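Notes to accompany the following structure.
This structure is a prediction, so every number in the text was calculated from the model and none was measured. Chain letters run A, B, ... following the sequence lines, proteins first, then strands; residues in each count from 1.
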Amino acid sequence: MTDYDYEEIEKKWQDYWEKNRKYEVEDKAENPFYVLVMYPYPSGRIHMGHVRNYTIGDAIARFRRKQGYDVMHPMGWDAFGLPAENAAIERDADPGEWTYDNIEEMKEQLARLGFSYCWEREITTCTPEYYRWNQKIFLEMLQEDLAYRDTTAVNWCPECETVLANEQVQDDLCWRCDSVVEEKEQHGWFLKTTAYAEQLLEDMEQLGGWPERVLEMQRNWIGRSPGARIEFDLDEQEEKLTVFTTRADTLYGATFMALSPQHRLARELARGTGQEQSVERFLERWESGEEMSTKDGVFTGRYAVNPINVEEIPIYIADYVLIEYGTGAIMSVPAHDERDFEFARHNDISIKPVISPAGKKPPQPLEEAYTGEGELINSGSHSGLDSETARAKIANWLEERNLGAATVSYRLRDWGISRQRYWGTPIPIIYCEECGVVPVPDEQLPVELPEDVEFTHGENILESSGEFVETQCPDCGRSARRETDTMDTFVDSSWYYARYCSPKESSQPFDSELANNWVPVDQYIGGIEHACMHLLYARFFHKVMRDFGWLDSDEPFTRLLTQGMVLLDGEKMSKSKGNVVDPEEMQGEYGADTVRLFTLFAAPPEKDLDWDEEGVQGAHRFLKRLWNFLQENKEQLSARTIKAPVEPELSGEASKELFRKTHETIGRVTRDLEQSYQFNTAIAACMELYNSLQDNFTPEVGAWSYAVLLDLLYPIAPHFCNEVAELLGHEELPGERDWPEWSEEAATADEIEVVIQVNGKVRDRISVPAGCPKEMMEERALESSRIQKYLDGSKPKKIIVVPDKLVNVVV
RNA sequence: GCCGGGGUGGCGGAACCUGGCAGACGCUACGGACUUAAAAUCCGUUGGGGUGUAAUACCCCGUGCGGGUUCGAAUCCCGCCCCCGGCACCA
């Protein structure tokens, strides 16, 4: 009897897969299935989060292959980014070399875990062959007015020394390093994600295969809010004041206006009103960062005219008005908005109720704002309307007079992609004193990263390259300067899934025909932390590329699985806490198949998984038991070809039960994997089958049943299953043969144990033939002596019979 | 505050969609076998309480809390509590 030598076995099959190029797939597959896992940043070491992510992906890929699909399961590297550059600054390393070395190392680690990638499709985003297409796409967007340059307040991460997009700031902290983000005025390039806000929302209808949680997060992030834009005339001024409101129905109740302290008219309005000093004092307090509340504000000395009733209302500057939402100015209706109410009370501004809650009169004086809907009062010709109708009518009324219009406001901002860092895609723009902003012409792409740079903190490294910065204007030929910012690395990952379909394409980002054959990705797998970053950007890119005519589909990822985190003792693993479990160590100690098995068994994929070494040992024990079972029953299990037994030919209870259990298990595992990738329950079913195999082993069913078990476990523990099948002399290995078939009928027992209840409580169990008629079940139930006892000679009130399940006797 | 997800043994989790034996499967713990001994392995017990026996057995309670629907509720409905996540002076 030989021991289960996972080390040797795993090495052997990994070599076999590599040598025979088992996981390559044709560009034009007949039966395509695209499984994609979020590619890693090549930090040099894989961690448990990667292992979990890639194990799920690999099991899905192997399962679908066995189902007969042509599976594309590619892998690549999110190879631009800060760590390489920091290594260059701190250790004088070459960022490219550092990155490529890491890639080599991680590739080996992935291979040791037995992942079945199409390595010939590998992409590395820091190569000019890849990033030149970032540049191309950017220029196309520029042409279509989807990219623009602007100077605004941006998020600055002092640690990363770069600007961040709004999505990359979480609770005022940098998503990557958790530093507090600062506000800074800076120029930069933006992509018009807002132009697609509506589609990004609408097309969620097509994303039935996404977790509701992620869709909800994106919905919140986009923050659609339908309302109206309304223009207010200013007294003695040419300018108008534009506001956004969701409550145009309360327009008659607007008794003041409020501007954000950052509004461009904030200072200007006060000029010549005698309020200059108060305004100036307030703004200085505000600018110094003083803590303020809803009550804080100052009168500008000016008035605006409410367009609907021509009333003059005072204009204030108020701390509670945000510059970044709507127009940075609001019409204030204290009777119907809590904040406006508080401000009005504190600053002695009149409060005028214009909405009355269903059938009631608003109390006088008003104790609090009524923010609900109702019937319009004090609203001139619009009085008597309900809120909803009034909103439409008033918007119409304004539009006819050119004073406003119905509009939709979004929380989503355009995506700022400029990064003041070296290790990224150069933005292909040239600044010429004569011609202004000039795009780099196609034939000059790629704009490559220069090597004559000095790696230092504190400044944009690209600036230090004379060779790079100094250039000629493509239009006029005079000397000009290149843009020295690089692109956000999320640009790379926004379209990489399409590049995998034609990774070596050299005349365009990807071959549309090939991409349309694979895209959208059938199953995408990754962490939920990308819900409002990568997953939103990729959806945006996909729609843009569709509108360029490059893709047919509306969405990049049909189904999305967001796997949970890997924890240790309920805590996130981190180097600083020193509670990191090293995948390599685990794989060395128990083998890749065990690590894979445990990872998939310990929790459903979308939940967090607490790493538990005793659980790992349990998984290892299961494989060893299967191995030993083979060793002990080798002769009876051996077979060249696997033939499913036919039920009528079976003799004996054990054979029949094992036959039934095997069919049942195939059904359960197939459903678990196909519908929701619930590997944990699928594995539990396999363990049950093994338990039954031990209890009910017979030569006539055993060999087949054991072979089926290998098929079912193959996606999870591929080395093990192949090895065992080979030892048994199977002509075709689990990795090559089809997913087993089953029938519902064969999975159903001839005799079924049904429960007999009295008043809903189980009192007895009897065995009846499957499909037993109701009358017979009822009769048999009443015959039971235990039931008789409860009946106590009296007649049952009612009897409920559920075929093949139970009889409930009501007394 | 608004929205989404969740609450089941000592632990991870199953059954929830589609009402019908709660606790599958695994881990831990305990007891036993094997061993000079230990590890490994194997067998048994493992929600709480009780009755009973050599033993098979039997009864009551139990899925966050309170109500409802139903012959029957972890599952469906209503109200509440708690936890996790997203958004948040968003006009």
**Request:** Let me have RNA chain B in dot-bracket notation, would you? Count Watson-Crick plus G-U wobble pairs, both distances under 3.5 Å, and use [ ] for pairs crossing earlier ones and | for inter-strand partners.
**Result:** (((((((..(((.......[....))).(((((.......))))).(((((.....)))))..(((((..]....))))))))))))....
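rU70(B) atom P lies 14 Å from atom NZ of Lys797(A), rounded to whole Å. Taking atom CD1 of Ile756(A) as the reference point, atom P of rG72(B) lies 19 Å away to the nearest angstrom. For the pair Arg229(A) CZ and rA91(B) P, the computed distance is 18 Å after rounding to whole Å. When rounded to the nearest whole Å, the span between CD of Gln757(A) and P of rG19(B) equals 15 Å.
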Write down the protein N/O and nucleotide N/O pairs, taken from nucleotides 58-63 of chain B, whose separation is under 3.5 Å; answer none if there are no such pairs.
from    : atom 1 : to        : atom 2 : distance (Å)
rC58(B) : OP1    : Arg786(A) : NH1    : 2.3
rC59(B) : OP1    : Arg763(A) : NH1    : 3.3
rC59(B) : OP1    : Tyr790(A) : OH     : 3.1
rC60(B) : OP1    : Arg763(A) : NH2    : 3.1
rC60(B) : OP2    : Arg763(A) : NH1    : 3.2
rC61(B) : OP2    : Lys761(A) : NZ     : 3.2

Atom pairs under 3.5 Å, N or O on each side, protein against nucleotides 14-17 of chain B: can you list them with distances?
from    : atom 1 : to        : atom 2 : distance (Å)
rA14(B) : OP1    : Asn680(A) : ND2    : 3.2

Please write out each protein N/O paired with an N/O of nucleotides 84-86 of chain B under 3.5 Å, distance rounded to 0.1 Å.
from    : atom 1 : to        : atom 2 : distance (Å)
rG86(B) : N3     : Asn220(A) : ND2    : 3.4

Might you list the N or O atoms of the protein lying below 3.5 Å from N or O atoms in nucleotides 47-52 of chain B, with each pair's distance?
none

For nucleotides 26-33 of chain B, print each protein N/O atom paired with a nucleotide N/O atom at under 3.5 Å, atom names and distance only.
from    : atom 1 : to        : atom 2 : distance (Å)
rC27(B) : OP1    : Arg621(A) : NE     : 3.2
rC27(B) : OP1    : Arg621(A) : NH2    : 2.8

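Glycosidic conformation at rG9(B) (O4'-C1'-N9-C4 for purines, O4'-C1'-N1-C2 for pyrimidines): syn, within 90° of 0.
Heavy atoms of Glu324(A) sit nowhere under 4.0 angstrom from any nucleic acid atom. Note on Thr246(A): only backbone sugar-phosphate atoms sit closer than 4.0 angstrom, heavy atoms only; bases stay farther off.
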